[in-house]
Number of protein chains: 2
Amino acid sequence: MSDRVVPPTARQRRRPTKQGVVLSEELIVETALRLIEEHGADALSVRRLGRALGADPSSLYRYFRHTDDLMLAIADELIGRTLRTWRPTGDWRADLRDLGLRMHAGALAHPRAAVLSSFRVTGRVYEIQAVETLLGVLRGAGFPDAEAVRIYHAFVDQALSFGALDAAGAALPRAAREAETGVWRATYARLPADTHPNIAATAHHLVADMRRSSYPAALDLLLSAAELRLTEIRGRPEA
Amino acid sequence: MSDRVVPPTARQRRRPTKQGVVLSEELIVETALRLIEEHGADALSVRRLGRALGADPSSLYRYFRHTDDLMLAIADELIGRTLRTWRPTGDWRADLRDLGLRMHAGALAHPRAAVLSSFRVTGRVYEIQAVETLLGVLRGAGFPDAEAVRIYHAFVDQALSFGALDAAGAALPRAAREAETGVWRATYARLPADTHPNIAATAHHLVADMRRSSYPAALDLLLSAAELRLTEIRGRPEA
DNA sequence: GACCTTATGACAACACCGTTGACCTGTTAA
DNA sequence: TTAACAGGTCAACGGTGTTGTCATAAGGTC
């Protein structure tokens, strides 16, 4: 049944569904994104999406081979949206920080899509654009090529992987998510000092810190280390 | 139905299943891990697990409230296996580096389970042990409590999220994985210098670097930044 | 405007999934 | 010996993704 999907360009006859909706790849992706945003990540199922569109679930298989296909289409749309409004200022550290936070926020806004797409290399236009821009920022800052690539790689993977990590947490059913934050309060904060001295001493900090994403802190650490490298390099340019 | 699960310590009557298997929390977790590694993450379902154990699926609900509980138990087992052979040397930076690399390697050794469990807080014994140990290393190094927690959080999340990221890549079907590494060679390395100067200038480095995990580099960056913080703190102890 | 082709939506079915309430039975303690 | 009950089993519910088949409206052609 893999010949069921017709490439979007070749699509010509658009018959409205029983409920009068004219389907299209774009409409499906948009509706899916809206569904995720409004009713949580697990609201996205072929059947629910069909219902939301006013179409039979099986109709969607005329546009996407399977749900994974749909997820990738959604992810692609997300990359575009993240990059579309970003503009470099010339301050490499501020630029990288801004971009990192945007990528992370983009992932959190659409957790399911982020989780599925974070580890894929698409080789598509937006991704290429991002690589070029990022490398430009780093080389412009004065990092030698090998170092720029090394830091680019770490930076991107950090943004993607933290994005996915936090997105996965956000995509958890509400009950499970609340249970997790409760664990720090109910379990860790109550461990006695004689058996777990370090946890007991920092319990207050743990409860406060662990409910937040560690990405901003990790990002700042990475940028600090990069800046340190840069000053070392400038000190001995031929090293 | 929440009183269905009996705490492991209170469990005493162990009746064998129809097929003669004596169930236990450990046996279930072990079997689940085996199932995941052998047949992929999707192979883990209550019904399949029941079949693999030689027990009715509903029996598992005597041991775990729901599938999520089971996932947490699996995650904790993985943490335990990682930690079991680790011994601190007293050099905080070397210790953290070693531990980070171990966690990463552990994730790669059980890619599917890692992907499923990396973002969960289990509140179980092994996890607690890990938290206590890590905080001990950082506080012992001289980080004040708030700073120790901040760095602990970033360190752990980075190890887990990069672990999951690389594990997800490793869990990809072989064809897809090869296609991805090919993209760097076939697409990026061939971009002309006039439209993509930064990629063209670093293409050689990109092809070499992007096929490797960026975790070791990211880890070293994080540790460098932490060390920098430590010298700053020592410079002005009351800051 | 009628006709033919065919793209595309609808339907029904399949094989799964997690979870639960009711039941039954072997083990254990008294 | 017996009574309690932990723990395994059964059957069912409402969900899921996916597919084989069918019907029909759109589009091109005359």
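Everything numeric here is computed off the predicted structure, so don't read it as measured data. In the text below, chain A, chain B and the rest are named by the order of the sequence lines, each starting its count at 1.
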Grab the CG-P distance between A:Leu60 and D:dT19 for me, whole Å please. 13 Å
Donor-acceptor pair, distance only, cut-off 3.5 Å: does the side chain of A:Thr181 make one with the backbone of A:Arg211? no
Rounded off to whole Å, could you give me the CG-to-P distance for the A:Asp69 and D:dT19 pair? 12 Å
Nucleotide D:dT18, atom P - distance to CG of A:Leu49 in whole Å: 12 Å
Answer yes or no: is there a donor N or O on one side and an acceptor on the other, between the side chain of B:Glu132 and the main chain of A:Asn198, under 3.5 Å? yes
Nearest-Å distance, CZ (B:Arg51) to C1' (C:dG18)? 14 Å
Regarding the side chain of B:Arg48, the nearest nucleotide among C:dC17, C:dG9, C:dA12 is C:dC17
Heavy atoms only: give me the nearest B:Ser161-A:Leu165 pair and the separation to one decimal. CB-CB, 3.9 Å
If I take atom CG in residue A:Asp56 and atom P in nucleotide D:dA23, what distance separates them, rounded to the nearest angstrom? 16 Å
Quick one: which of C:dG18, D:dG17, D:dT9 gets closest to the side chain of B:Tyr61? C:dG18
Select from A:Val46 and B:Ala55 the residue whose nearest nucleotide in DNA chain D is closer to the 5' end of that strand. B:Ala55
Given D:dC22, C:dT19, D:dT16, which nucleotide is nearest the side-chain atoms of A:Arg62? D:dC22
Closest to the A:Thr67 side chain: C:dG9, D:dT9, D:dG17? D:dG17
Considering all heavy atoms, the nearest B:Gly123-A:Tyr188 contact: CA-CE1, 4.1 Å
So what's the dot-bracket for DNA chain C: Watson-Crick or G-U pairs under 3.5 Å, [ ] if a pair crosses, | if it pairs off-strand? ||||||||||||||||||||||||||||||
Would you please test B:Arg81 and B:Glu77 for salt bridge (charged side-chain N to carboxylate O under 4.0 Å, His left out) and show each step? CA-CA 6 Å; B:Arg81 291 189 184 185; B:Glu77 172 61 22; 2.9 Å; yes
Looking at B:Ser59, does any N or O in its side chain come under 4.0 Å of the phosphate oxygens OP1/OP2 on D:dT9? yes
Are any of B:Lys18's side-chain N or O atoms less than 4.0 Å away from OP1 or OP2 of D:dC10? yes
So if I take every side-chain heavy atom of A:His66 and compare against C:dT19, C:dA10, D:dT18, which nucleotide ends up nearest? D:dT18
Considering only heavy side-chain atoms of B:Ser45, the closest of C:dG18, D:dT16, D:dT21 is C:dG18
Would you mind reading off the distance between A:Asp68 atom CG and D:dG17 atom P, rounded to a whole angstrom? 12 Å
By nearest nucleotide on DNA chain D, pick out whichever of B:Gly54 and B:Arg47 is the more 5' one. B:Gly54
For the pair made of CG in B:Leu53 and P in D:dG8, what is the distance, rounded to whole Å? 11 Å
Compare all side-chain heavy atoms of A:Thr82 with those of A:Trp86 and state whether any distance is below 4.5 angstrom. no
Any chance the side chains of B:Asp209 and A:His153 put a donor and an acceptor closer than 3.5 Å? yes
Interatomic distance, B:Phe64 CZ vs D:dG7 C1' [rounded to whole Å]: 15 Å
What are the two closest heavy atoms between B:Ser24 and B:Tyr63, and how far apart are they? CA-CE2, 3.9 Å
